[in-house]
Structure formats: C-alpha cells, structure tokens
Protein chains: 2
Amino acid sequence: MIRTNPELATYIQSLWALEGSQILKEDFDPKEVIIEQDRRYGKVHLIREGIAKCYISDENGKEFIQEFLGEGMEFGELEVFDNYTTICSVESITALKTYALPHSTYHKLLDTDPKFNKLIMKALANKIRFKAPRHSYQHSYPIEDNLIRLKKLFPEFTEVISKKDIANYIGITPRSLNRALKELKEKSDFF
Amino acid sequence: MIRTNPELATYIQSLWALEGSQILKEDFDPKEVIIEQDRRYGKVHLIREGIAKCYISDENGKEFIQEFLGEGMEFGELEVFDNYTTICSVESITALKTYALPHSTYHKLLDTDPKFNKLIMKALANKIRFKAPRHSYQHSYPIEDNLIRLKKLFPEFTEVISKKDIANYIGITPRSLNRALKELKEKSDFF
DNA sequence: TACCTAAAAGGACATTTGTCCTCCTTGAAA
DNA sequence: TTTCAAGGAGGACAAATGTCCTTTTAGGTA
C-alpha cells in the first residue's frame, strides 16, 4: 500500500554523496503540499524518509489518491520528459525528507549514468504494473474484500493513514468505508 | 480512448529498415490472444497497424480493460526489466500488425540508442499519466459524464468497439451502460 | 477543568448499479 | 427460406453506495 523502492533509494544516496552532485536535500513538515496539480516544477523529488500521498483532485474538491509514497519513490518525474504540467498533487503525511534533483541534473544522469537510467526505467515500469490491477480489483470486488487485502498487505494502515485518505485511496466515501469496517469487525476478529 | 504513439511508430519503422535489425514483423487475426496474463514471453510488441485491447481478468472471468492500443503503442515491455510475469492479456480487436523485438534486442537498443531510450522512457511516463486520471474520473463522475467524455474524445467508439468492451473499459456492466446510453439519447441528440 | 475543533461513527433515506431474466435483431450457415 | 447463435436492449427487483445529517470521541489549548 505504501510503495517503496529501496534499490533506487540506496543508489541516489550514493550519487548524492559524490563531489559536486547537484542533488539537494529538502525537508518538509507533515501536511505540506509539495507539488500541486496542473503546474510546472523544475525538479524531481525522491523520498529519503517519510510518507506522502499522491492524489488527483477534481473541481468539486474530491481527492482520489493514486499512491502512498515511501522511501525511494520519486515524484515530479513524469514531467521531465515533455514539458507537461503535473497530473497529481503530492502532500506529505508524516514529516518528509527528499532528495531534490533539478531537471537538468536528472537529464544528465539519465544520459550519462546507465545504472541510473535502468533504475528509473524500472521505477516507471513498476508504477504502471502497480496501477493496473489496483483499479480493476477495486471495481470488481466488494469493499470488504479490498480492506482485507489492504490489511494483509499493510496491517497497521488504519493507524498511519487517516480514514478519509483510506477512503479516497479505495475510491469510496468515508461513510461506505465505515460501514464495511463495521461489518468486518462483527464478522471476524481480523480487524 | 485508443492510444497511439506516432513518434515511436516512425522511429521503430526506421530501425526495422536497418540492416540486421533483428526486428520482426508479425501479423495477427482479429480476436487473437497475443499475450496472456501471468505468463512470460521473450519479446516486446509494437503496433504497426490495427487495434488491440489490453485487459486484466479476474478469477470470475470479469475483464477490466486498461487501454485500447493503436499504432505505435507497445505491449509486453513491462516485463523486460525484471523477470516478472505479465499483468495483462492483450487481444487483437481488428487485424493486427506488429513489430516484435526479442528482449535481447530491446535491451541492446535501450543501452546503445539514446533516442530509442528516450522514446521508451516517454512512452512509459505517458502510460502512467494516462492511467492516473482515467480511473479517478470514472469513480467520481456519473456514467453518463464518462460516456459524453468518450464520445468527444473518440466519436465513433460505439462502431469500432463492442458494447461489452466499452463496459469493461469504463468498469461497469453492459446493463448499466445501456441504461446510461438510453438516458443520453432521450436527453440530447448528441448520441 | 472546561472548551474547542477535527476526525470518526453511524442513522435514515435516496440513488445508482448490479443481477437475472426475457425478448429482439442481425448475420452467417444449413 | 429456415435456423441458430451472439450481441444488443431493457424490465423487475435486489444490493451496494452515496448524501445529508447528528452524535460521539479524542487531542490540543486557554
């Protein structure tokens, strides 16, 4: 549920430590909006520590959470290739520490560092792999099944992440989430 | 709705034309299952001509269509980086012509051809960009709004793609699709 | 302690969507 | 022409989910 990429995290750390690497460290408080939908930014972030949410909001203010990002996950990277605007907002949930790579640095690394290139390629492929089944699963199974699945994947999710965010992640209202949770509590002692 | 990537299509064509390129042309009939979910394959396909659907099916046989793929779109590429199994099945809708690149060739191109590398990078990023809003939009808007949106994007979609596939694309049942279409016909002359 | 605010829980009802059928249409095959 | 099968359309009802509230809980602050 909270996605990570340890391999990339380790590698970026080693790049950062190099002389003149142009990779900066940045820190954020909880609940800071770090990037906002439909804008342009000049750098890519890679999480060193903490958890963030990546979400799309519509004109009615509804949020739909795409992913929870943990260590080693990057954001702001989709806009580096073309001059597009961002599709998601990213907001820290806990205190968040990132590496920030200016676009120029990111491009230079892609062009000159084959290992970096391959790791980014993999990271992109994994984002696709992850997104695909998530939404279809949520469509074709009852909410309760989705919750059981989340609980197995990440047992403490109800402690770390607010109910509202969980609901937005599954794509339902908090009311429906509550109903499902109550049902599950009555049926079993798993929750 | 039917995704394409003209830039990549053009470039692959030029690569194919090179001496000893190791890129093969393959042809398929309509309704052929070209790759099946949860398996391994040794090559990446890139569509020269025709339309295919990429879908996930669950144990109850429900299909959830991820994308309709047109010229220049690739499939089977997510598994090239790690030794994962496929997450989607791909089935031709019309007669389909592809370029087939063995994994070894694909890797070699990524490593030695910067332009190819960048085009693939972009293609991956665009798949992510495309997937993200699609599912959230479908959650937060009524079916009718989704249909109007599709119609604007691709007016002849009802002719080319079967009702069942459209329903599976939106993530609803054919019954609900019919209901929504009927409503729309009564309300306006757009449909 | 008392007060305030935001998150969480849940009642009552409306709406949407799914399920399970049946019927109709159309085009290919006998 | 008749037959058959598959896709499309839609009625009737059931189930899931959303909307709009009110109430409860918990944590921070005066």
Side-chain angles (χ1 to χ4, degrees), chain A residues 29-33 51 53 55 57-65 91-95 135-151 156-187 191, chain B residues 29-32 53 55 57-65 91 93-94 135-151 156-187 191:
Chain A
D29 291 327
K31 302 200 180 183
E32 261 194 76
V33 178
I51 297 169
K53 62 177 176 181
Y55 61 96
S57 30
D58 65 20
E59 53 271 28
N60 311 318
K62 283 187 196 171
E63 290 183 4
F64 191 88
I65 294 184
E91 183 182 322
S92 53
I93 292 180
T94 64
H135 296 98
S136 58
Y137 194 93
Q138 285 164 200
H139 265 289
S140 32
Y141 292 90
I143 296 175
E144 295 184 20
D145 292 24
N146 278 289
L147 290 173
I148 291 169
R149 192 157 135 276
L150 276 185
K151 185 84 177 178
E156 64 277 29
F157 76 101
T158 35
E159 282 104 69
V160 186
I161 295 166
S162 74
K163 285 283 166 66
K164 198 163 131 277
D165 281 351
I166 294 171
N168 287 339
Y169 179 71
I170 306 184
I172 56 175
T173 58
R175 183 68 193 92
S176 303
L177 176 62
N178 271 336
R179 230 182 324 241
L181 281 171
K182 198 185 169 192
E183 289 287 315
L184 283 171
K185 272 176 204 148
E186 281 165 12
K187 277 188 205 161
F191 271 79
Chain B
D29 291 328
K31 301 201 182 185
E32 261 193 77
K53 61 177 174 181
Y55 61 97
S57 28
D58 66 18
E59 53 272 29
N60 311 318
K62 282 187 196 167
E63 290 182 4
F64 191 87
I65 294 183
E91 184 182 320
I93 292 180
T94 64
H135 295 98
S136 57
Y137 195 93
Q138 284 164 199
H139 265 289
S140 30
Y141 292 90
I143 297 176
E144 293 183 22
D145 292 25
N146 278 289
L147 290 173
I148 290 169
R149 194 159 134 274
L150 276 185
K151 184 84 177 179
E156 64 278 29
F157 76 101
T158 35
E159 282 103 69
V160 185
I161 295 168
S162 74
K163 285 281 166 69
K164 199 162 129 277
D165 280 351
I166 294 171
N168 287 338
Y169 179 70
I170 306 184
I172 56 175
T173 58
R175 183 68 193 91
S176 303
L177 176 62
N178 271 336
R179 225 177 334 233
L181 281 171
K182 199 185 168 192
E183 289 288 313
L184 283 171
K185 272 175 202 146
E186 281 165 10
K187 277 188 207 162
F191 273 80

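In the text below, chain A, chain B and the rest are named by the order of the sequence lines, each starting its count at 1.
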Check the pair B/Asp165 / B/Phe157 against side chain to side chain contact (heavy atoms under 4.5 Å, CB included), numbers first and verdict last.
CA-CA 10 Å; B/Asp165 280 351; B/Phe157 76 101; over 6 Å; no
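Rounding to whole angstrom units, CD of residue A/Glu159 and C1' of C/dA8 are separated by 15 Å. Taking atom CG of residue A/Asp165 and atom P of nucleotide C/dA7, one finds them 10 Å apart after rounding to whole Å. Computed from coordinates, the B/Phe64 CZ to C/dG18 P distance equals 11 Å when rounded to whole Å. In this structure, B/Arg179 atom CZ and D/dG11 atom C1' are separated by 10 Å, rounded to whole Å. For B/Ile161 and D/dG8, the CD1 to P distance is 12 Å, given to the nearest whole Å. Distance, A/Leu181 CG to D/dT17 P: 13 Å, rounded to whole Å. The CG-P distance, from A/Asn146 to D/dA16, rounds to 14 Å in whole Å. Distance B/Ile93 CD1 to D/dG7 P: 13 Å, rounded to the nearest Å.
Comparing atom distances between the A/Lys62 side chain and each of D/dT19, D/dA12, C/dA8 picks out D/dT19 as nearest. When distances are taken from the side chain of B/Ser176 to each of D/dG18, C/dA8, C/dG18, the shortest belongs to C/dG18. When the nucleotides C/dG10, D/dG8, C/dT17 are ranked by their closest atom to the side chain of A/Asn178, C/dG10 comes out on top. The side chain of B/Ile172 sits closest to C/dG18 out of C/dG11, D/dG11, C/dG18. Here the nucleotide nearest the side chain of A/Thr173, chosen from D/dT19, D/dG10, C/dG10, is D/dT19.
The only member of A/Leu177, A/Ile65, A/Ile161 that meets side chain to side chain contact (heavy atoms under 4.5 Å, CB included) when paired with A/Tyr169 is A/Ile65.
At the phosphate of D/dA9, OP1 or OP2 sits under 4.0 Å from a side-chain N or O atom of B/Lys163. For A/Lys182, no side-chain nitrogen or oxygen approaches OP1 or OP2 of C/dA9 to under 4.0 Å.
Side chains of B/Lys163 and B/Leu181 form a contact here, defined as non-hydrogen atoms less than 4.5 Å apart. Using a 4.5 Å heavy-atom threshold, the side chains of B/Asn146 and B/Ile172 count as separate.
At least one donor-acceptor pair closer than 3.5 Å links the side chain of A/Ser92 to the backbone N or O of A/Lys31.
Between the side chain of A/Arg175 and the base of C/dG11, at least one donor-acceptor pair of N or O atoms lies under 3.5 Å.
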